[in-house]
Every structure is written in structure tokens, then in C-alpha cells.
Asks: 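First the structure, which I've put down as C-alpha cells, then a few questions once you've had a look.
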Amino acid sequence: MIFFDTESVGFFGPTVLIQYCVNDGPAIIHDIWDNRVIDTLNLIEKHCNDPEGVVGFNLTHDWFHYTKTYNIFKELPLYEKPDPLDYLDVSTEAHDKYCLRPVKACDLMIVGRRTKFQASLNQKKITLKKVPSILAELLLKELKDRVKIPSIYFARGKKGYQWRIVPLIKGTNTEATATNTDENTEIDPDFVNIALTFAPSTSLKNIMAFLGHDVTTLDDLPELTKPEEYSWWPDHPGWINVFREHLYEWRNDPRRIEYARNDPLYTRELWHYLDRPEPGDRDSELACAVGGIHWKGYRVDLKGCKERKAKLEIVAKSLPININSPKQVKKWLHESASPLEQQVIQDTRQETIHKIASEWVEDNPELALKCQKLLDARQADSELDLLDKLLKAGRLYTVFKISGTKSNRMSGGNESYIKTKGGSINPQGIKKGGEIRSLFPLAFEDQQLDGGDFAGFEVSIAEAEYKDPLLRKDLLSGKKIHALFGAEMYNMSYEEVLATSEKNKNDPEGYYSRAKTGFFATLYWAFEEKIGQAMWISTEQAKKGLESFENKYSRIKESKKEILSTYSAMVQPNGIGTAIEWREPKEYVESFLGFKRFFTLEINIMRSLFSMAQNPSEELKEIAKGVKVMRRDRIQTAGGALASALYALAFSIQSKIFRAAANHKIQSPGAELTKGLQKNIWDIQPIGVGPWLVVPLNIHDEIQVPCKPEVSDKVKEVVEKTVKEYRKLVPLIGMDWKQNLKNWGEK
């Protein structure tokens with residue numbers, strides 16, 4: 001078994017060192033610039049073909065470097081030591097010929113994110129609202145002492161674990177920030193918010209520090225000149241100007257050599273800490289796949305990009321303001337608004353502008369039109385940024401996080417602690433329809449593009465989760481779930497709602513489209529008020545409609561009750577306003593495909609808040625004694641206000657757990673099914689080093705596969721076999737698969 005890591009010039013430059021150890025052996029450093037080309041090629045091939053597999057940390061990063069280094073070196077004289085400048089002589093078309101696939105792989109970063117370090121993913125800020133100012137400073141200390149949170153969840157923050165006081169604007173619940181206050185803003189003297197912002201890291205060095213090692217990080221080493229680097233343009237030669245400096249330091253600085261030598265040793269130790277996971281799991285295999293594909297890239301219609309860019313530049317520059325300046329946009333909109341309307345337009349966020357454009361057409365058509373033009377200009381500006389990157393790079397270079405969320409969905413974005421210029425291109429953010437996707441043939445001249453997407457993906461998964469017999473009967477009869485939902489919400493017949501399916505949701509008669517939005521909001525536990533807004537009905541009507549829908553399909557109601565019962569840590573058996581009791585909740589939710597999401601961190605925080613509300617310290621009691629404050633519409637003691645704030649935050653966290661559990665039951669199976677199909681297609685690619693046969697691209701509920709024409713039928717066979725197997729668990733699932741597509745935009 002090979003435990004390995006790579007060091008590189010910058011993040012996207014050529015690999016400098018390959019560090020590895022075999023089983024329990026010592027760490028070995030291979031300096032690729034100090035060996036003959038053939039020695040490096042042989043080493044990479046040996047690691048690729050090791051029968052016990054490879055173990056790494058962030059294999060997407062390292063397999064990208066392996067793939068890049070192998071392809072570059074394959075173009076150089078075998079028995080010479082390579083000169084870094086030879087890299088510039090390798091053409092883009094020549095150095096992407098070879099795919100590298102290990103026998104088996106284990107990515108410990110992914111394993112950790114699925115288990116012991118899952119809470120480090122997407123932790124959102126939590127806020128204790130409306131705390132009496134007189135208690136704030138002491139409460140900060142109490143929170144730090146009594147709410148125990150491991151340091152790894154703040155590893156990227158400069159100040160570590162820290163609750164902080166946030167002032168409020170007087171007369172509101174709005175936090176005072178630099179962007180919404182000036183010298184005339186009055187700050188609330190009686191209340192503040194107390195916030196905790198997470199800055200988690202699952203980098204190998206931070207995990208080792210968490211496990212008790214005195215580690216050296218890159219920040220601890222003497223700084224080197226940073227190369228110009230771009231994830232969306234991985235063969236950009238900007239690193240060449242600083243290569244000599246980096247090469248010298250990595251060869252001669254003992255601290256850097258020790259840093260590199262520790263990587264495979266830390267990797268091996270983490271492997272033991274994570275209970276020695278066996279290489280060969282699906283997600284680790286996909287990590288190697290997307291790492292290699294990042295170097296390979298996908299074909300782009302460059303001529304079409306230039307033509308579309310010329311059109312979009314006219315739209316993006318059509319307004320007399322800087323569309324990215326909130327101050328200018330706000331002033332421009334206020335020119336067409338009444339004094340009362342100006343009070344409503346407090347920000348220029350996309351959500352606000354879209355709401356005005358769609359809902360103010362009758363009340364203020366001039367302002368609504370301005371907002372629509374602004375939306376169009378911003379969309380054009382965003383697309384221009386994408387086109388500029390594609391034209392410079394010449395290809396679509398994708399970067400993915402294989403386990404990017406707690407539901408185990410794949411997400412776009414860099415997996416590195418290094419912030420590259422211009423971010424990365426996230427293909428999941430490239431919208432469906434329109435002209436944009438037609439600019440991506442994806443397949444090169446020696447390939448053809450095959451692809452498809454799951455039909456009614458979330459609906460079929462929801463049906464499999466709920467197992468409601470009447471719902472299954474209705475869907476199998478051909479009825480549309482959005483029309484069934486709309487019928488109950490609007491108190492209309494199924495046929496009446498279905499008849500509006502061609503109308504836009506902004507059309508007064510767009511019942512079907514709005515029902516579709518409302519159904520998905522319901523699926524993910526949106527509040528009745530939000531569902532009502534989405535469907536243009538009152539909150540009361542939304543409540544009645546939901547009750548009617550859930551009474552008709554009773555297993556949906558039972559599923560909600562199960563979640564509330566399972567994850568209710570704080571309950572009031574005698575009703576609202578009575579004593580709150582603690583009941584130990586279940587620590588995780590598990591999808592019907594077996595993937596678990598843990599709530600350990602959230603529950604620990606809730607438990608601590610509950611304990612503080614029930615048993616505040618004597619010092620807090622003493623300060624709060626006799627002090628009264630106006631909280632909402634009633635006068636409370638300071639101690640009572642503090643307890644209310646603590647309970648409110650704990651209940652807020654509990655509500656988020658409810659929604660997360662419900663989301664997980666739908667989103668996690670979707671992730672598992674899509675990645676499972678992607679992996680089955682990837683299995684067509686032979687083990688070892690060879691030409692690219694398949695280059696699968698996973699976008700939400702669809703798979704696009706540039707492939708060699710000779711394996712196209714094999715890909716189709718794999719898809720059909722996989723979907724057939726999935727139907728054992730998701731009876732209504734299906735996929736419309738097409739061969740030899742012209743581009744990504746072809747339906």
C-alpha cells in the first residue's frame with residue numbers, strides 16, 4: 001500500500017517532490033527534477049499499479065499533479081534530467097493524452113468528512129439574539145467556558161474559537177455593520193447580538209494539530225514569491241518566473257524537507273486513526289477521476305464564445321451606471337421610486353431586485369422595467385466572466401469536491417487552502433437552456449458526447465422515501481405531483497392546475513409553475529409563510545392546503561412526525577409557555593441508501609445552551625438582579641431576557657436540525673445515485689496508464705460523458721443496467737440517455 005503526497009510549484013505548477021512510504025516503511029522523497037524522466041514515469045506507473053492501492057489526503061489535488069507530471073514528462077527525452085523550461089515547449093494538445101487510474105484508492109479527507117470530521121463542512125454562523133447589554137461581556141466568557149467546541153472548527157480563523165458582541169440598530173433587530181450605518185445611525189444601548197462564526201479546516205496539518213502534533217504549516221515557513229496561477233487554466237505558465245526560487249528552497253531548506261517528509265507519515269497515522277479504511281471506496285475512486293480530468297479538460301466552442309461575448313457586452317454595458325456598485329444602483333432605482341417605495345429598497349441584492357421586477361409591474365412599471373434590465377445586465381456580466389476564462393484557457397477545466405456537503409453531494413470549487421486567482425469554474429452553476437450550454441461540445445475530435453439526466457429525480461426519490469401507496473398509485477397512473485399538490489393548495493381540480501403547465505410562474509394563471517416551486521419548498525421544510533409567498537396565496541391558505549395534501553397522502557405527514565419525534569431535544573409537554581425539558585435526541589439521520597449525517601456538534605451546543613438557561617452562573621444572576629429591560633412587547637428581568645435568548649437560539653438550532661434531517665432524506669440519495677452511476681461509467685476506464693476512454697461529468701441530476709466511439713454502446717449498457725438496479729430502491733426512477741450529442745445544450 002502506497003501512502004503518498006506531492007509538493008508543487010504553486011498549486012498548479014509542475015510537481016517538485018513526490019513523497020511516499022510503502023506500508024509501514026520510512027518516508028521517501030523523490031525529486032522529479034533531480035532524476036531522469038524515465039525514473040519519474042516508472043515511479044508513477046508503479047504507484048498506479050500497486051495491487052494494494054494508494055492512500056492519500058485530498059487525492060483530487062495529488063492525482064491532478066500525477067496526471068499532469070506524467071503527461072508532461074512523457075513528451076520529454078526519457079534518459080535526461082528535465083529542465084523546468086522544457087515545460088514551455090510542450091503544446092496544450094500534446095500533454096493530455098494519458099489517463100492514470102490506480103488499482104484502488106483511499107482518500108482520507110473524504111473518509112474523514114463522512115465520519116469523524118463531518119461537522120467541519122458548511123458550518124453556518126449561529127447568533128444569540130437580543131441579549132441584554134449589561135450581561136454581554138460576562139456571557140461571552142460563560143459561553144466560551146461552557147459551550148465546548150473543538151479547535152478544528154476554527155482552524156482557519158485568526159482568533160480561533162471566539163464569541164463576539166454585535167451591536168444592533170436601535171428600534172430594529174438589524175445588526176449594525178459598516179455597510180448599513182453612518183454617523184447618524186443610533187445604536188441600541190440595551191441589547192446586542194452575540195455571534196459565533198465557524199472557520200473549520202480539514203487540512204492534513206490542522207487535523208494533525210487536532211490530534212496533538214506540533215505541526216509546521218506553510219504559513220510557518222519563509223514566504224516564497226507567489227506564482228500566477230488559475231484553477232480554470234491549469235497549464236498557465238505564470239509559475240515559470242518563480243520556479244528556480246521554489247525549486248532551490250524545496251531542495252535546500254531543512255524545514256521544507258521535513259515538512260514534505262512528514263506528509264506521508266501523517267497520512268499513514270491518520271489512516272490508522274480513521275480505523276484503517278480499505279482502499280477502493282467509490283468516492284475515493286472518483287477523487288482520482290476528477291483530479292485527472294481537471295488536467296484533461298473539456299472541449300469548448302471558442303468561435304461561438306467570441307460571438308456570444310460580443311452580444312453580451314452590449315447588454316452588460318447598456319445601463320448608465322456601474323451595475324456592481326450598490327450605491328450607484330440604489331440611487332438609480334430611487335430615481336423611479338416614490339418616497340415610500342424608496343424605504344422598501346434598502347439593498348440591491350439579487351433577491352430584492354428580482355422581487356421588484358416580477359411583483360411591481362402594475363404598481364410601478366418603470367421601476368420594474370429598470371430592475372429587469374439590471375437583472376439582464378448582471379446576468380450578462382456574470383456570463384462574460386465565464387467566457388473570458390474559457391477563451392483564455394481554451395478549454396473547460398473543472399474542479400469538484402467529491403464530498404462537498406454533509407449529504408455527500410458533489411460540489412464545484414477548489415479543494416486547496418491556496419486561494420487561486422479568479423476562483424474556479426463551477427459547471428454546476430452554468431444554467432440549463434439558452435445559448436450558453438451549446439458552447440460546450442465537451443467531446444474532442446476523437447470522442448463523441450453521450451449523456452442524459454434522471455427524469456423527475458427528486459420526486460422519484462421522495463416517493464421512495466415516503467412509500468405512500470396512494471401517491472405511488474397516482475404517479476404510476478401518469479399524474480404529475482406538482483398538479484396534485486397545486487390542486488390541494490389552490491382548492492382547484494387536478495385538471496385545472498395541469499391545464500396551466502405551459503404558463504410562467506409570474507403569469508397570473510401560472511398555477512402549475514408556482515405549485516412546482518411550492519412543492520419543492522415543502523419537500524425541504526420551508527415555512528408556510530414562504531410557501532404561501534411562492535404560490536401567491538395567504539399563509540392561512542398555505543397551512544390549510546398543506547394539511548389537506550398531507551391528510552390525503554398520510555405517509556408524508558407520518559414522515560414529518562417521525563423527524564419531529566426523533567430530533568426534538570427540547571420539548572414542552574404541557575404546551576408553549578410551560579417548563580422546557582431536555583430529551584436526548586438521535587445523533588444522526590440516515591438516508592434509505594445508508595449515508596449518515598451527524599448532528600453531534602449542533603446537539604452539544606444546544607445541550608450547553610439549555611444548561612446555561614436552566615442554571616446560569618451565580619455571577620450572572622448577581623448582575624441581572626433587579627435589572628429590567630423591554631424585550632419585544634413586554635418588560636422582562638435581565639435574567640429572564642437572557643434565558644429567553646438562550647432558549648431561542650437552542651430552539652433555532654433544533655429547527656435547523658429538523659430541516660437538515662428532512663433535506664438529507666431526499667438530497668443524500670440523489671447524491672449517492674448520481675455518483676454511483678458516474679463511478680460505474682468510470683469503471684470502463686482501464687486500470688493503470690492508457691488513453692482516455694471516458695471522461696464523465698456529474699452535474700446535479702445529469703451525467704455527460706465524452707467517450708471514444710468504440711465504448712459508446714458499453715456506456716449506454718452500463719447506464720441502463722445501473723438504472724434498472726436503482727429501481728429496486730427507487731421504483732419510479734428513470735433516465736433519458738442519448739448518444740452522439742452535438743453539445744451539452746442539445747436536449
Side-chain angles (χ1 to χ4, degrees), residues 4-20 27-37 39-41 43-44 57-58 61-73 75-77 80-92 95 156 203-206 215-266 291 294-295 392-393 397 399 414-424:
F4 81 105
D5 196 75
T6 60
E7 299 296 343
S8 60
V9 173
F11 179 44
F12 295 101
T15 305
V16 175
L17 305 171
I18 295 173
Q19 313 102 253
Y20 65 97
I28 302 169
I29 292 182
H30 178 87
D31 183 340
I32 68 172
W33 301 108
D34 201 34
N35 286 276
R36 298 176 306 170
V37 170
D39 294 329
T40 297
L41 293 174
L43 178 68
I44 294 175
F57 187 90
N58 193 355
H61 170 276
D62 290 312
W63 216 255
F64 164 81
H65 282 296
Y66 260 32
T67 302
K68 169 200 60 189
T69 301
Y70 189 91
N71 275 278
I72 292 172
F73 275 35
E75 303 300 316
L76 301 177
E80 295 181 13
K81 293 181 181 180
D83 188 307
L85 295 176
D86 289 342
Y87 174 83
L88 294 178
D89 296 328
V90 181
S91 71
T92 301
H95 66 216
R156 288 189 293 106
S203 73
L204 180 59
K205 295 298 190 296
N206 281 320
V215 301
T216 298
T217 68
L218 283 177
D219 292 335
D220 299 322
L221 300 173
E223 189 173 350
L224 300 177
T225 306
K226 293 181 180 179
E228 189 175 356
E229 52 187 355
Y230 306 88
S231 69
W232 48 270
W233 189 359
D235 56 352
H236 180 272
W239 55 265
I240 205 67
N241 297 318
V242 301
F243 186 89
R244 300 295 183 187
E245 174 191 354
H246 284 248
L247 182 60
Y248 178 84
E249 293 297 333
W250 281 105
R251 282 178 167 176
N252 296 286
D253 184 346
R255 292 166 298 180
R256 279 191 154 76
I257 294 172
E258 182 65 18
Y259 174 95
R261 196 181 306 278
N262 282 336
D263 274 340
L265 299 177
Y266 287 158
H294 183 198
W295 180 249
K392 289 176 182 176
Y397 290 105
V399 187
N414 288 343
E415 279 286 23
S416 172
Y417 47 81
I418 296 177
K419 298 296 183 183
T420 55
K421 293 183 179 180
S424 59

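All residue numbers refer to positions in the sequence shown, counting from 1. Predicted, not measured: the structure shown is a model, and the values here were computed from it.
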Asks: If I take atom CZ from residue Arg156 and atom CG from residue Asn206, how far apart are they, to the nearest 0.5 angstrom?
Replies: 9.5 Å

Asks: Using side-chain heavy atoms (C-beta onward) and a distance below 4.5 Å, is Tyr397 in contact with Asp235?
Replies: yes

Asks: Take Ile44 and Ile18 through the test side-chain contact (heavy atoms from CB on, under 4.5 Å) and record every step on the way to the result.
Replies: CA-CA 9 Å; Ile44 294 175; Ile18 295 173; 4.2 Å; yes

Asks: Quick one: CG on Leu265 to CD on Glu258, what's the gap to the nearest 0.5 Å?
Replies: 8.5 Å

Asks: Quick one: closest heavy-atom pair of Ala27 and Pro264, and the distance?
Replies: CB-CG, 4.0 Å

Asks: Does the gap between the ring centers of Phe4 and Tyr66 come in under 6.0 Å?
Replies: yes

Asks: Quick one: are the ring centres of Phe73 and Trp33 less than 6.0 Å apart?
Replies: yes

Asks: Heavy atoms, side chains only, cut-off 4.5 Å: are Val242 and Leu224 in contact?
Replies: no

Asks: Decide yes or no for Leu17 and Arg251: does some side-chain heavy atom of the first lie under 4.5 Å from some side-chain heavy atom of the second?
Replies: no

Asks: Which atom pair, heavy atoms only, marks the closest approach of Asn71 to Thr67?
Replies: ND2-O, 2.7 Å

Asks: How far apart are the closest heavy atoms of Lys81 and Arg36, and which atoms are they?
Replies: CG-N, 4.2 Å

Asks: Measure the shortest side-chain to side-chain distance between Trp63 and His294 over non-hydrogen atoms and say whether it is less than 4.5 angstrom.
Replies: no

Asks: Taking the side chain as every heavy atom from C-beta outward, state whether Arg255 and Pro222 have any pair of such atoms under 4.5 Å apart.
Replies: yes

Asks: Any side-chain heavy atom of Trp295 within less than 4.5 Å of one from Pro234?
Replies: yes

Asks: Rounded to the nearest 0.5 Å, what separation is found between the OH atom of Tyr266 and the CD atom of Gln19?
Replies: 12.5 Å

Asks: Might you work through the side-chain hydrogen bond (donor to acceptor under 3.5 Å, both in side chains) test for Thr69 and Thr15, ending with a clear yes or no?
Replies: CA-CA 6 Å; Thr69 301; Thr15 305; 2.9 Å; yes

Asks: Could you measure the distance from the CG atom of Asp5 to the OH atom of Tyr259? Nearest 0.5 Å is fine.
Replies: 8.0 Å

Asks: Rounded to the nearest 0.5 Å, what separation is found between the CZ atom of Arg256 and the OH atom of Tyr248?
Replies: 12.0 Å

Asks: Closest approach of Trp250 and Ala260, non-hydrogen atoms and distance?
Replies: CZ3-CB, 4.3 Å

Asks: Determine whether Asp263 and Glu7 make a side-chain contact, defined as any pair of heavy atoms from C-beta on separated by less than 4.5 Å.
Replies: yes

Asks: Mind listing the closest non-hydrogen atom pair of Val215 and Asp220 along with its distance?
Replies: O-OD2, 4.0 Å

Asks: Does His246 reach the side chain of Trp239, with side-chain heavy atoms less than 4.5 Å apart?
Replies: no

Asks: Taking atom CG of Asp34 and atom CD1 of Ile29, what is their separation to the nearest 0.5 Å?
Replies: 12.0 Å

Asks: So which atom in Asn35 and which in Pro82 form the shortest heavy-atom distance, rounded to 0.1 Å?
Replies: O-CD, 3.3 Å

